[in-house]
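It should be emphasised that the depicted structure is a prediction, and the values quoted were computed from it without experimental measurement.
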Amino acid sequence: MTTLLIQDAHCVATQDTHRRELRNTSIFIRDQRIAFIGPSAELPAEAWQADETIRAQGMLVTPGLVNTHHHMYQSLTRAVASVQNAELFGWLRGLYPLWAGLTPEMVQVSTQVAMAELLLSGCTTSSDHLYMYPNGVRLDDSIDAAHTIGMRFVATRGSMSVGQSQGGLPPDALVEAEDFILKDSQRVIEQHHDASFGAMVQVAVAPCSPFSVSRDLMRHSAELARNYGVRLHTHLAENDHDLAYSRVKFGCTPTQYAQDLGWLGDDVWHAHCVKLDDEGIRLFAASGTGVAHCPCSNMRLASGIAPIRRMLDAGVAVGLGVDGSASNDAAHLVNEARQALLLARVGRAMQAPEVRDGRSFFGCDLGPAEMTARDALDLATRGGARVLGRPDIGHLAVGMCADLALYDLNTLGFAGAAVHDPVGALLLCSSASTRYTIVNGRVVVRDGQLATLDLGPLLERHNQLARQLMQGS
């Protein structure tokens, strides 16, 4: 039995159904589960003999953050000059030739770098969408990396099967045969997927996008996933070109395309959905289909502003995703939540009626309440857990998995703010890194440093591989 005591935190944002925020609160962890939350005076006797005690005075504790969409291998191609000003399709065309040089080591190292960045921001659970497998790359490479660094992981077996010669976007050299895709998806599910409470590794099936896979692969992937009881993931309605492709190639909207192929349901989540229309929002809400909102990437690629407030008001499950490290170009989940907050407010203001006179000017509200700080934190925690189908993470309560992020409020970025509202400060001030990150009861970030790997040699090797990848193009 392992035990951990977090003693006398200044504030604990539980993110439970009532969004309770508890002051001067302790948390006792026993065997990877939360066993107690409350005042120190009420701690069970065993807590005072815990294997480790973290004195959390002056700290804000939140549930471990949840990242619902990523392409971790892309950390090797961040800020590539030739695609810095490209929209989605041009950006992909510019990077496909680089990614064709990926090796198993590159995937392993880049995955650990991406996960290190996430863990240091307070993210404890992440999905990853790996959809190309050149040069012997396998999904197992990502899973091995997650095990080593200690992150809770939802690995998605992505795929591309329609190359340029068949009217798709990717080069023919990067697509796979559909029979092999389905067979390998079955293999990784059988070998790695854990359906139990508190699972550290789960697998989802994830054909890449309407412009890179066939309708048959979408249907068969859905059948395979449901036979095994695993989730489904893809990109949908990301920008205007994506929308136009669906209309020209399939004669329907992206949502109608998804509905026809069996890709709506509470076991499905789609990335982006920037161009989801009113019908799509209604269908997503009615079916329980989830959305991975990626505000930084959507801004970086000029894709647009997703209608997140309308989705939430309709009952759609929405979480956050940092998206690929080459289209963000970061993996800091607190920053992603902050951007979701700010972008929603800008989007609302752009839709507000014109101010016509002094009376309306002084009385109008152009949208700050469109997204509150606590709404944004909910997207990053409870919302992400719902999108990934994980009732065991995303909020803090007795019996939940012990995934927590601890932020030191006595730092420069919180000066003058944490004394007023520590939770609001986390989302409104400079995006903080954690003092401690705890995954499954294990401290993986300690005193602001990664505790499971030596970050210096990892970054050195990562940069060597990034140069190698560029030179090989």
Side-chain angles (χ1 to χ4, degrees), residues 69-74 92 96 99-108 110-111 126-147 153-196 199-236 250 257-258 260-265 267-271 388-389:
H69 185 65
H70 207 331
H71 306 292
M72 294 185 179
Y73 68 89
Q74 291 181 13
L92 285 168
Y96 281 142
W99 296 336
L102 286 170
T103 66
E105 184 190 8
M106 288 177 181
V107 170
Q108 290 174 346
S110 60
T111 297
S126 183
S127 68
D128 184 47
H129 192 184
L130 181 61
Y131 56 80
M132 58 182 67
Y133 297 87
N135 309 310
V137 168
R138 302 196 308 165
L139 189 61
D140 311 62
D141 301 321
S142 296
I143 294 170
D144 290 345
H147 177 75
F153 192 35
V154 179
T156 74
R157 205 303 181 179
S159 57
M160 300 192 297
S161 67
V162 177
Q164 290 175 349
S165 65
Q166 296 176 292
L169 189 70
D172 287 355
L174 280 177
V175 303
E176 299 176 285
E178 295 188 355
D179 285 348
F180 175 77
I181 290 168
L182 294 168
K183 184 179 296 184
D184 194 56
S185 297
Q186 179 178 342
R187 178 190 67 82
V188 294
I189 292 168
E190 292 177 348
Q191 188 168 340
H192 296 291
H193 181 69
D194 181 357
S196 65
M200 288 296 291
V201 176
Q202 293 189 333
V203 174
V205 179
C208 185
S209 60
F211 50 83
S212 61
V213 300
S214 72
R215 294 168 71 94
D216 282 345
L217 182 61
M218 292 292 286
R219 287 195 186 94
H220 294 150
S221 294
E223 292 168 359
L224 173 68
R226 287 176 176 135
N227 284 340
Y228 279 89
V230 302
R231 300 180 76 75
L232 291 157
H233 182 51
T234 192
H235 299 88
L236 197 77
F250 310 125
Y257 165 88
D260 179 58
L261 298 175
W263 275 74
L264 296 180
D267 56 352
V268 182
W269 84 103
H270 295 274
L388 295 182

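With contacts defined as side-chain heavy-atom distances shorter than 4.5 Å, the pair L182/L217 qualifies. Residues F153 and S142 meet the side-chain proximity criterion, which asks for heavy atoms closer than 4.5 Å. Looking only at side-chain heavy atoms (C-beta outward), L130 and V137 come within less than 4.5 Å of each other. Counting only heavy atoms from C-beta outward, the side chains of M200 and D194 never approach each other to under 4.5 Å. Looking at heavy atoms from C-beta onward, V205 lies in side-chain contact with I189 at the 4.5 angstrom threshold. Residues Y131 and L174 form no side-chain contact, since every pair of their non-hydrogen atoms from C-beta on lies 4.5 Å or further apart. At least one side-chain heavy atom of L232 sits under 4.5 Å from a side-chain heavy atom of R226.
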(request) For the pair D140 and R187, evaluate side chain to side chain contact (heavy atoms under 4.5 Å, CB included) and give the outcome as yes or no after the intermediate values. (result) CA-CA 10 Å; D140 311 62; R187 178 190 67 82; 2.7 Å; yes
(request) Please assess L261 against F250 for the test side chain to side chain contact (heavy atoms under 4.5 Å, CB included), listing each intermediate value before the final yes or no. (result) CA-CA 12 Å; L261 298 175; F250 310 125; over 6 Å; no
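With values rounded to the nearest 0.5 angstrom, T156 atom OG1 is found 8.0 Å from H71 atom NE2. To the nearest 0.5 Å, atoms CZ (R157) and CG (D184) are separated by 4.5 Å. Rounding to the nearest 0.5 Å places CZ of R231 at 10.0 Å from NE2 of H193. A distance of 9.0 Å separates CD of Q186 from NZ of K183, quoted to the nearest 0.5 Å. Atom CG of residue L92 and atom OH of residue Y96 lie 4.0 Å apart, to the nearest 0.5 angstrom.
Side-chain contact annotation: S214 with D216, donor-acceptor N/O pair under 3.5 Å absent.
For the pair H70 and S127, the tightest heavy-atom approach, listed with the atom from each and the gap, is CB-O, 3.5 Å. The nearest pair of heavy atoms linking L388 to V154 is CD1-CG2, 4.1 Å. In terms of heavy-atom proximity, I181 sits nearest to M160 at CD1-O, 3.9 Å. The heavy-atom pair separating Y133 from G158 by the smallest distance is CE1-O, 3.3 Å. Here the closest non-hydrogen pair linking S196 and Q202 is O-NE2, 4.5 Å. Contact between S221 and P207 at its shortest, heavy atoms only, is OG-CG, 3.4 Å.
Residues passing the salt bridge (Lys or Arg N to Asp or Glu O under 4.0 Å) test with E178, sequence neighbours excluded: none.
Using a distance-only test at 3.5 Å, with no hydrogens or angles considered, no donor-acceptor pair links the side chain of D128 to the main chain of T111. Using modelled atom types, one side-chain atom of W263 and one backbone atom of M218 make a donor-acceptor pair closer than 3.5 Å. The backbone N or O of A206 lies less than 3.5 Å from no partner atom in the side chain of H233, so there is not a single donor-acceptor pair. Looking only at distances, a side-chain donor or acceptor of Q164 sits under 3.5 Å from a matching main-chain atom of L169. Without hydrogens or angle criteria, D267 side chain to V230 main chain gives no donor-acceptor distance under 3.5 Å.
A salt bridge links D260 with R219: the distance from a Lys NZ or Arg NE/NH1/NH2 to an Asp or Glu carboxylate oxygen falls below 4.0 Å. Ionic pairing of D141 and R138 is not present here: no N-O contact between side-chain nitrogen and carboxylate oxygen is shorter than 4.0 angstrom.
A centroid separation of 6.0 Å or more is found between the aromatic rings of F211 and H235.
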